[in-house]
Amino acid sequence: MFLALRTEVEDALREALSTLELPTDDLGIEEPPDDVDSVLASSVAFRLAGELGAAPPQAATEVADEIDADELTYVSRVETQGPYLNFLPSEAYFAETLANGTDDDYGTLPDRGESVVVEHTSANPTGPVHVGRARNPIIGDAVANVLDAAGYDVDRHYYVNDAGRQMAVFTWAYETFDEDDLETEPERDRIEYDLVRYYRKGNEFLEEGPESEVEAAEAEIDAIMQGLEEGDEATYERVSEVVDQVLGGMKECLARLPAEFDEFVKETRFMFDGSTDDVVSRLQDLEESVYEEDAWQLELDEYGIDKNLVFLRSDGTSLYPTRDLAHHEWKFDNYDRAVTVLGEDHKLQAEQLRQTLELLGNDTDPLRQVLYSYVNLPEGKMSTRRGTGVDLDDLLDEAIDRAREEVETRLDDRIRDDDLDEADVERIAHQVGIGAVRYDIVAKQPTKAITFEWDRALDFEAQSAPYVQYVHARCCGILEEAGIDLETGTSGVETDVDASLLETPEERDLLETIARFPAVIDDAAADLEPHQVATYTREFAERFNAFYRECPVLADDVDPDLREARLALVAAARHTIANALSVLGVAAPRSM
RNA sequence: GGGCACGUAGCUCAGUCCGGAUAGAGCGUCGGACUUCUAAUCCGACGGUCGUGGGUUCGAAUCCCAUCGUGCCCGCCA
């Protein structure tokens, strides 16, 4: 509704200004402060003051007089407050918001008929997922969710770096060392925790082993890379044995968030299908291309990038960026838009990639890169190779444990008589624990640096997931108490209600907040900023809690018509908060 | 050294792209509210030179310039 109102206000204001023969290039539309009753405001009068030769408040009055609110559907009145124009919502605005909100899919925008591939995480399959990268799946999944909600046809991809040197090292180490050579036990009973020990052992050997043996090992590693380059089936099988196993374990970890993927795209695919070779020859034909120190490079300094892009090693093998070029051309062929979520340390490479794609004749406007900064430990970076870092599995376990403790201590002084059993406790512990971890990450701007500290990561205080989740549980509690079956959506809620009965400030505020939800999704999708949705959930929770405090729904002295209207409002609130949480990838508990 | 990002209350963060109404939350501290649709809630108090200095503007946390601090990057690794 908010979107419709915004359009209506813009049109009306533009028309009024045209009539007065005033410029319409900047309408000054803005959202007013909380203590102002209007839904939208305009500060256009400031700019008109000079034009009209009148003080801003007087200019505002002249413009307001030119707008006939009776002709508007969602605006009841246009008022001035000093220099500001305030647009107040009509009954129709509230009524339609309430009607729309009773739809289970409220907030989901119409299909845009546009496909987008969201690539995220894409961590090298070298070992357990650690917290340093945890922002990637959490932000990436939320970005994909918000685009999905905004009406795009979304595919989620994990790009598997199975052709890089580190995988050749891993393969060599896996084939060379035995269980007996390893000094440590797996930290967890899952395949990637087992196999990462070979990777670490191999790297340690290459750094500290006897020179002659290291040379032999390097020769073997080179042979593996050459094999992949030539498309040798047997080599691919050897590498895949490691890649597929480790990746399988990583998938299990990511599924806990949950972060699921539609496709795992291996980079070897673009070597075997000839597209990397094709990219190489096209690059060689570019005038920016040079052959220096036995390697093929691209000079990008005239495009503001000082570092050359090496696209073919002196031994003739391709590099990650070379294959990624082929990968991205494939994306352009198959999708209307492409979004990549990657760490800020890849920013330079991302710029090189974009510029080179342009030089190869691609339009890179459909490509958007979302950057986030790594989570570091107080003592420095996390590294799979060195084994420094906190495993995501450990963080999630700890979060669930702490949430469980919390549920159990609250069990005793619980007012609600719904007898949570052990399974409920476990469900809530998972929903709250994992939800808190996700929410904490998705609610912040990705570019802010984060230093990992256990206590901070596991702080479940207000303004975190449980605060918002609790609102959903409260909605469900009311609906359930009213005898509505939550399984069947809204079928039990009377939808033909009189929205004008919802006349307290708390009810109006809640409706206005619900009305904004589709616009929040729209904006968050346009900016690829899911944290806008998180910010919204907090505001929403505040508004709902005020309503909850002031407006009893099921009390005996509530008029039956008002009760029905408030029930519809609660149903709308529930759909809003459930769908917002769903975009964030945070579970919406029915009770807690 | 060069490039990019970040700097808002004691702490963690919104707001910055697109300049407008007394800069908003939470945590912490202090004081209140459960015989009530779940108190993981709510209400109140205290707390801010929006890193610093200039500039543009009727108006700057927001735009421009400079400067300081922090992080990231500047491999024939990915």
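Letters A, B, ... mirror the listed sequences (proteins, then strands); counts begin at 1. Both backbone and side-chain heavy atoms feed into the values below; hydrogens, waters and symmetry mates do not. Model, not experiment: these values are computed from the prediction.
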N or O in side chain of A:Tyr439 less than 4.0 angstrom from B:G26 OP1/OP2: no

Closest nucleotide among B:C37, B:A14, B:C42 to the A:Arg549 side chain: B:C42

Atom pair CZ (A:Arg200) and CZ (A:Phe170), whose distance is rounded to the nearest 0.5 Å: 9.0 Å

Sugar-phosphate, base or nothing in reach of A:Ser591, heavy atoms under 4.0 Å: base

Pairwise C1' distance for B:C13 and B:A61, with rounding to whole Å: 15 Å

Sugar-phosphate, base or nothing in reach of A:Tyr548, heavy atoms under 4.0 Å: base

Sugar-phosphate only, base, or nothing, as touched by A:Val407 at under 4.0 Å among non-hydrogen atoms: base

B:C34: syn or anti, per glycosidic angle within 90° of 0: syn

Contact letters for nucleotides 55-60 of chain B, in which S counts primed atoms plus P, OP1 and OP2 and B counts the base, heavy atoms under 4.0 Å: ---B--

Atom P, compared across B:C68 and B:U12: separation rounded to whole Å: 24 Å

Upstream residue (5' side of RNA chain B) when A:Thr535 and A:Arg410 are each assigned their closest nucleotide: A:Thr535

Separation between the C1' atoms of B:A39 and B:G32, rounded to whole Å: 14 Å

Atom P, compared across B:C18 and B:C65: separation rounded to whole Å: 14 Å

Salt-bridge contact A:Arg385-A:Glu207 (side-chain N to carboxylate O under 4.0 Å): yes

Sugar-phosphate only, base, or nothing, as touched by A:Asp35 at under 4.0 Å among non-hydrogen atoms: base

B:C6 to B:C27 separation - C1' atoms, rounded to the nearest Å: 22 Å

Under 3.5 Å donor-acceptor pair, A:Asn545 side-chain atoms to B:A40 base atoms: no

Touch class at under 4.0 angstrom, heavy-atom based, for A:Val471 against every strand present: nothing

Sugar-phosphate, base or nothing in reach of A:His531, heavy atoms under 4.0 Å: sugar-phosphate

A:Met592 side-chain proximity, nearest of B:G26, B:A40, B:C72: B:A40

Touch class at under 4.0 angstrom, heavy-atom based, for A:Val553 against every strand present: base

Atom pair CG/CG of A:Leu348 and A:Leu300 - distance to nearest 0.5 Å: 9.5 Å

Sugar-phosphate only, base, or nothing, as touched by A:Ile428 at under 4.0 Å among non-hydrogen atoms: base

Sugar-phosphate, base or nothing in reach of A:Arg323, heavy atoms under 4.0 Å: sugar-phosphate

Sugar-phosphate, base or nothing in reach of A:Ala41, heavy atoms under 4.0 Å: base

Sugar-phosphate only, base, or nothing, as touched by A:Gln469 at under 4.0 Å among non-hydrogen atoms: nothing

Reading 5' to 3' through nucleotides 2-11 of chain B, protein heavy-atom contacts under 4.0 Å coded B for base, S for sugar-phosphate only, - for none: --SSSS---S

Sugar-phosphate, base or nothing in reach of A:Leu319, heavy atoms under 4.0 Å: sugar-phosphate

Short side-chain donor-acceptor distance under 3.5 Å, A:Arg323 and A:Asn161: no

Upstream residue (5' side of RNA chain B) when A:Ala443 and A:Ala295 are each assigned their closest nucleotide: A:Ala443

Salt-bridge contact A:Asp34-A:Arg543 (side-chain N to carboxylate O under 4.0 Å): yes

